[in-house]
Visitor: 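Take this structure, written in structure tokens, and hold onto it; I'll ask about it next.
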Amino acid sequence: MGDVRHALVEGLRRVRTHWPLALLAQAVSVLLAIPLAALVRQHLADSLGSSLAATRLRDGWDDLWFQAFAAKAEGLATTFQPSVVGVGAILDGLDATVTGNLWTQPTAIAGVGVTYALTWTFLAAGLVGTYVQRETTLSFWARAGQLFPRFLVLAAFGAAIYGMILGVILPQLTRAVDHLNRETIDERIHFAWVAGKYFLVWLAMWGTSLLVDYSRVLSARHPERGVLVVITQTVHLLSRQAPRVFGLSFLVLLGGAALFGVYAVINPGARDSTWVAVLAAFVLSQLYIFGRILLRCTAFATASALSEHLDA
Amino acid sequence: MKPLGVVGYPASIPGARARRPMSPHPPVPGLARIWSLVVTVAAISLLPSRAAAKTPGATLSRRVVSYEMGVWLEPAERTMTGTVDLTWTNPSRQPARELRFHLYYNAWRNADSSFLRSVRQASQKFPDHGPQDWAYSEVTSIALVENGRESADLTDAAEYIAPDDGNESDRTVLRVPLQQTVRPGQTIHVRYQFRAKVPRTFARTGVRGEYFFLAQWFPKIGVLQPDGTWNCHQFIQTEFFADFGNYDVRLTVPTGWVVGATGRQQSVTDNGDGSSTHRYVQGDVHDFTWTTSPHFRIHTAKFEHPELPPVDMRLLLMPDHAGKADRYLDATRATLRWYGTWYGAYPYGHVTVVDPAYGSGTGGMEYPTLFTGGTRWLSPREQRSPESVTVHEAGHQFWYGIVANDEFDHAWLDEGFNTYSTSRTLLASYEPARRVERYLEGFVPVVFHDLQRAERFDGADRYGGVRSDLLRDPMQRHSWRYGPNGYRVNSYDKPAMMLRTLEGYFGWKTFQRVLATYFERWKFRHPRPQDFFAVVEEVGGQDMDWFFDQIHADTVLFDYAVDTVRSRRVRVGRGYQDEPDGPIFVEDDDDDDDDARYASTVIVRRWGDGVFPIEVRVTFEDGSRQLEAWDGRNRWARWDYARAAPVQTVEIDPDRRLALDVDETNDSWSREPDTALASTKWAAKWMVELQHFMEFFALFG
């Protein structure tokens, strides 16, 4: 536990020291999202025209208007759902991720998602390069550029495993669970099987993400080592230090859950009905996204600290 | 057409093996089984008289049929065997030379049945069924009975027919020629034996695990219409139609299994062989449905109201819904109260509510004095589950059970009426529904408290492809002939909106009298659409052909819209100028706003072909209002105003009387619309969701 506590404290310190770097990711996120949001806004405006439905939508929600809008929607407009409000904006993506349906999202969504993921890989290279304690005079961008090719390879390695888990193992498990529950008449039993299925799947996903993250850390600490060497060494690390590694990661995840809980309570839902309120709601939601990015940074930074501490 | 017993089904019953008694250690397995059957048949044979004398209370309907049945259910084999004593009175004006029976379970006999062919045509998921999952229904013998003895064997002459589509593989209708004609009003007694294989739940009947829900399970006689033709359609995509009568049914199931059925339970007899026989009796109904499972938990309560007769409510609840008992019973009470108050009292004195097993697909269905609800293990109140389906299915006791329309031909007379009534009852009894999203494969609900759902009769479903579906079939087309998606629209949504529109047109007070009169006049009878239209005109006091010709006989769409609104400031001369409240003196026309005058024009259009009188409310910036009445006939209407203020808003049909208008958004206009703010607000939320999706993608980056 001492190692974990040390890594957590040290990791948070590193994130705090370099917190503006997280804004880079947020900026990319906003820049990628704004053009599509503008299109959606136009679709909504065209549908509302000069109607009083706009007033109802301003003050809350108009279900009859939405029925009409959804029936006529095409392209990007079909992605507009009322569940974008409040925590629904997070839960929709979380559910898609957990159930392995993230990649079945509409093309526009998947397109910006993949673009952001690639950009994030580049930024992650710079972030990890910053967090690890290594003598260097390189700037953030130089470190990102130096480590990006390796991080890309590691991302591809991770994606291959994720694809196997979500694309092959999960469907097989789903078929097995459905078959086992063919005659089940108690929903709780079926739910237990489904929950168990996702627990196993996401245990494997968690392990894989830690494998990728610690491989990145090791790559940043020892850029002279080959990718395969780094991966092998990381596997050894995880197998020897599993409680510490998973324990530290679990603490970061708890932080994420707490952040979500706070946001679930304070977000204004659909009640923002003035320009000031809409702006405030938007800023609050951006703060939450920033918080998510910081958590990701914390995962890197604490992993870096733990990796160094265990080597020391 | 194939006669009974010839090629088409296996020589041996699928899955058959030596029957096993239900108890693990029966004294004499085979003899016990036979003894129970003998007891059952003997009990039926020795019954001295028919239904009317045995069922409590006065006769409420014209009892055309009387069934006395003994049925044995083998849960492990998923089979039933039974003996039926049917008394049938020719209700027509013509002599009858044959009988026709529904054998619904044959719809799932094989993939060549008309039912499964239509499933494949509609691209619905074809159930992936194993050998134990299919079904059949066979009449193994049928004979005329006179003076208590079988006088004529009709078995060999019986044959399957397909009167609707000519599909020789379909066996859902059995024709039994009679050796002698049955005169109008004459009563005959027929005895037949049948066996059936219960399907894995399909179309809301069947078995899943240890839960059996048995609807349309016995060979049921069709309806001989007044002109002497049989209304006995193949089972393709519609619901059901039968005559009123009496049912006295003995159901033998494993001891310890709970049974729910149409009617009141009269007795439970332990047969001593691991089985028990439950007897149910009900008069003045047109169907008999039952359910059994060892997992049901029984809850009872009483509906009481100062102006309505009491009703005993019996709820059969599955264990995973243990916390929903009160919700089921409260919803049933609400239905009995409001339907009873608005239309007429529920006459039977008892009702059975069945909470269907998870995954069974038997929820949301109505049968005389019994119905199925449906809910989830996790179901917040805001989702109105089981409330919504319970009110709807309990409501069917009135619209379908008591006012018993022909569901084959005019399904809207119960579904549309009930959809309308359900919305009304929910509005009267509950808070508005909220949007609920279900995550993790639908198991975990999350309530969005800010998002209120529209009620169904306000047109909540009208835009789910309804706009095009409305054009495919007129309501008056026989329900079983509707094309793809036509059934849902024309049986549920459009008639519900039609009734809502009539309510808006006449006002609730008058329209409630229309519905109450219709209910009272047609209870325990089989009304047709014209019967309802006649009541509307009689009680409403005006000819409504113009309305029903458009909505029932045609597929016109109603779409009124605000087209143009202009207000311009005008110069006026010094002196008196007209205002709605009388002339006012204008000193001088300068830039002083106090003397400002505006010339405004409002044009509204009729984009759809449907015509309906509507109101148009024009509100001016100074708060004054003008309510215009338009007969809605011409393609457009125009009003000009000279006022001290410009037009602020225009609303077509502000009280939303025309629920059938397919586009509500164009029904209003605002001089200062909130479009910019509203679209920005919701686009911003959409953007945030997109950003969260990106963060989830980044987990893999």
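To find a chain, count down the sequence lines: A is the first, B the second, and so on, and within it residues start at 1. Values reported hereafter were calculated over all heavy atoms of this structure, with side chains retained and with hydrogens, waters and symmetry mates removed.
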Visitor: Contact part of B:Gln691 toward chain A, heavy-atom cut-off under 4.5 Å: side chain, backbone, both or neither?
Guide: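 For B:Gln691, heavy atoms of backbone and side chain both lie under 4.5 Å from chain A.
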Visitor: Can you confirm whether or not the ring centre of B:Tyr358 sits under 6.0 Å from the ring centre of A:His190?
Guide: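 That pair passes the under 6.0 Å test.
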Visitor: Is it true that the side chains of B:Arg438 and B:Gln383 contain a donor and an acceptor less than 3.5 Å apart?
Guide: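 Yes.
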Visitor: Drop me the distance from A:Asn101's CG to B:Glu441's CD, to the nearest 0.5 angstrom.
Guide: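 The distance works out to 9.0 Å.
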Visitor: Determine whether more than 12 heavy atoms belonging to other residues, nucleotides or ligands lie under 6.0 Å from atom CD of B:Glu431.
Guide: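 Open.
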Visitor: For B:Val446, is it the side chain, the backbone, both or neither that has a heavy atom under 4.5 Å from a heavy atom of chain A?
Guide: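 Only the side chain of B:Val446 comes within 4.5 Å of chain A.
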Visitor: Using non-hydrogen atoms and a 4.5 Å limit, figure out which bit of B:Thr649 sits close to chain A: side chain, backbone, both or neither.
Guide: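 Contact with chain A involves the side chain of B:Thr649 alone.
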Visitor: Counting only heavy atoms closer than 4.5 Å, note whether A:Thr274 contacts chain B via side chain, backbone, both or neither.
Guide: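 Looking at A:Thr274, just its backbone touches chain B.
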Visitor: Of the backbone (N, CA, C, O) and the side chain (C-beta and beyond), which part of B:Val444 lies under 4.5 Å from a heavy atom of chain A, both, or neither?
Guide: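 For B:Val444, the side chain is the part near chain A, not the backbone.
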Visitor: Parallel, tilted or perpendicular: which one describes the rings of B:Trp377 and A:Phe191, with boundaries at 30° and 60°?
Guide: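 Plane angle between 30° and 60°, so tilted.
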Visitor: Among B:Thr201, B:Leu677, B:Thr675, which has the most heavy-atom pairs under 4.5 Å with chain A?
Guide: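 Ranked by contacts with chain A, first place is B:Leu677.
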Visitor: Would you check, one step at a time, whether the test side-chain contact (heavy atoms from CB on, under 4.5 Å) holds for A:Leu284 with A:Tyr263?
Guide: CA-CA 9 Å; A:Leu284 187 65; A:Tyr263 183 71; 4.3 Å; yes
Visitor: Can you tell which part of A:Val278 gets under 4.5 Å to a heavy atom of chain B, answering side chain, backbone, both or neither?
Guide: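 The side chain, not the backbone.
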Visitor: Give, as side chain, backbone, both or neither, the part of B:Arg435 having an atom under 4.5 angstrom from any heavy atom of chain A.
Guide: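 Contact with chain A: side chain only.
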Visitor: Hey, what do you get for OH (B:Tyr560) to CG (B:Asp653), rounding to the nearest 0.5 Å?
Guide: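 CG of B:Asp653 is found 10.0 Å from OH of B:Tyr560.
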Visitor: Which pair of non-hydrogen atoms, one from A:Leu123 and one from A:Val28, has the smallest distance, and what is that distance?
Guide: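 So the minimum-distance heavy-atom pair works out to CD1-CG2, 4.3 Å.
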Visitor: Most heavy-atom pairs under 4.5 angstrom with chain A, which of B:Asp674, B:Thr680, B:Val207?
Guide: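 Winner by heavy-atom pair count: B:Asp674.
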Visitor: How are the rings of A:Trp103 and B:Phe697 set relative to one another: parallel (under 30°), tilted (30 to 60°) or perpendicular (over 60°)?
Guide: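 Geometry flag for B:Phe697 against A:Trp103: perpendicular rings.
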Visitor: Taking every non-hydrogen pair under 4.5 Å, which of B:Gly359, B:Pro356, B:Ser679 racks up the most with chain A?
Guide: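 The residue among B:Gly359, B:Pro356, B:Ser679 with the greatest pair count is B:Ser679.
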Visitor: Let me know if B:Arg671 has heavy atoms under 4.5 Å from chain A in its side chain, its backbone, both or neither.
Guide: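 Nothing of B:Arg671, per the 4.5 Å heavy-atom cut-off to chain A.
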Visitor: Nearest 0.5 Å, what's the CG-OH distance between A:Asp92 and B:Tyr439?
Guide: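 Nearest 0.5 Å value for the CG-OH distance: 4.0 Å.
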Visitor: So for A:Asp59, is it side chain, backbone, both, or neither that comes closer than 4.5 Å to the heavy atoms of chain B?
Guide: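 Just its backbone gets close to chain B.
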Visitor: Between B:Gly701, B:Ser668, B:Pro319, which residue shows the highest count of heavy-atom pairs closer than 4.5 Å to chain A?
Guide: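 It is B:Ser668.
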Visitor: Hey, what's the ring geometry for A:Trp61 with A:Phe66, parallel, tilted or perpendicular (30° and 60° as the breaks)?
Guide: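 Taking A:Phe66 first and then A:Trp61, their aromatic rings sit tilted (interplane angle of 30° to 60°).
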Visitor: Sort A:Ser29 into side chain, backbone, both or neither according to what part of it lies under 4.5 angstrom from a heavy atom of chain B.
Guide: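 Both backbone and side chain.
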Visitor: Go through the atoms of A:Leu57 and report whether side chain, backbone, both or neither lie under 4.5 Å from a heavy atom of chain B.
Guide: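 For A:Leu57, heavy atoms of backbone and side chain both lie under 4.5 Å from chain B.
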Visitor: Please flag which part of B:Glu672 lies under 4.5 Å from any non-hydrogen atom of chain A: side chain, backbone, both or neither.
Guide: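 Answer is neither: B:Glu672 stays 4.5 Å or more from chain A.
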Visitor: At a heavy-atom separation under 4.5 Å, does A:Leu94 approach chain B through its side chain, its backbone, both, or neither?
Guide: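 Contact with chain B: backbone and side chain both.
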Visitor: Which atom pair, heavy atoms only, marks the closest approach of A:Phe69 to A:Ala77?
Guide: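 Taking every non-hydrogen atom into account, CE2-O, 3.7 Å.
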Visitor: Top residue by heavy-atom pair count (under 4.5 Å) with chain A, among B:Leu699, B:Asp667, B:Leu451?
Guide: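 Highest number of heavy-atom pairs under 4.5 Å: B:Leu451.
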Visitor: Side chain, backbone, both or neither: which part of A:Val212 has a non-hydrogen atom closer than 4.5 Å to chain B?
Guide: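 Contact with chain B: none, neither part.
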Visitor: Would you mind checking which part of A:Leu166 comes under 4.5 Å of any heavy atom in chain B, side chain (CB onward), backbone (N, CA, C, O), both or neither?
Guide: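 The answer is the side chain of A:Leu166.
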Visitor: Checking A:Thr115 against chain B: side chain, backbone, both or neither under 4.5 Å from a heavy atom?
Guide: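 Neither the backbone nor the side chain of A:Thr115 comes within 4.5 Å of chain B.
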Visitor: Under 4.5 Å from any heavy atom of chain B, what part of A:Val85 do you find: side chain, backbone, both or neither?
Guide: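 Both parts, heavy atoms under 4.5 Å.
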Visitor: Give, for atom OG1 of B:Thr292 and atom CZ of B:Phe296, the distance between the pair rounded to the nearest 0.5 Å.
Guide: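 Spacing of OG1 (B:Thr292) from CZ (B:Phe296) equals 7.5 Å.
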Visitor: Tell me, side chain or backbone of A:Gln42 under 4.5 Å from chain B's heavy atoms, or both, or neither?
Guide: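 Contact with chain B involves no heavy atom of A:Gln42 at all.
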Visitor: Give, as side chain, backbone, both or neither, the part of B:Leu690 having an atom under 4.5 angstrom from any heavy atom of chain A.
Guide: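 Side chain only.
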Visitor: Check whether A:Phe151 gets within reach of chain B through its side chain, its backbone, both or neither, counting any heavy atom under 4.5 Å.
Guide: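 Neither part.
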Visitor: Can you tell which part of A:Tyr162 gets under 4.5 Å to a heavy atom of chain B, answering side chain, backbone, both or neither?
Guide: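 The answer is the side chain of A:Tyr162.
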Visitor: CG of A:Leu36 to CH2 of B:Trp686: how many Å apart, nearest 0.5 Å?
Guide: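 So the gap between those two atoms works out to 4.5 Å.
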Visitor: At a 4.5 Å cut-off on heavy atoms, which part of B:His449 comes close to chain A: side chain, backbone, both, or neither?
Guide: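 Neither; nothing under 4.5 Å.
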Visitor: Counting only non-hydrogen atoms closer than 4.5 Å, does A:Arg292 touch chain B with its backbone (N, CA, C, O), its side chain (CB onward), both, or neither?
Guide: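 For A:Arg292, the side chain is the part near chain B, not the backbone.
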Visitor: So, taking the atom named CG in A:Asp95 and the one named OG in A:Ser83, what distance separates them when rounded to the nearest 0.5 Å?
Guide: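 Those atoms lie 10.0 Å apart.
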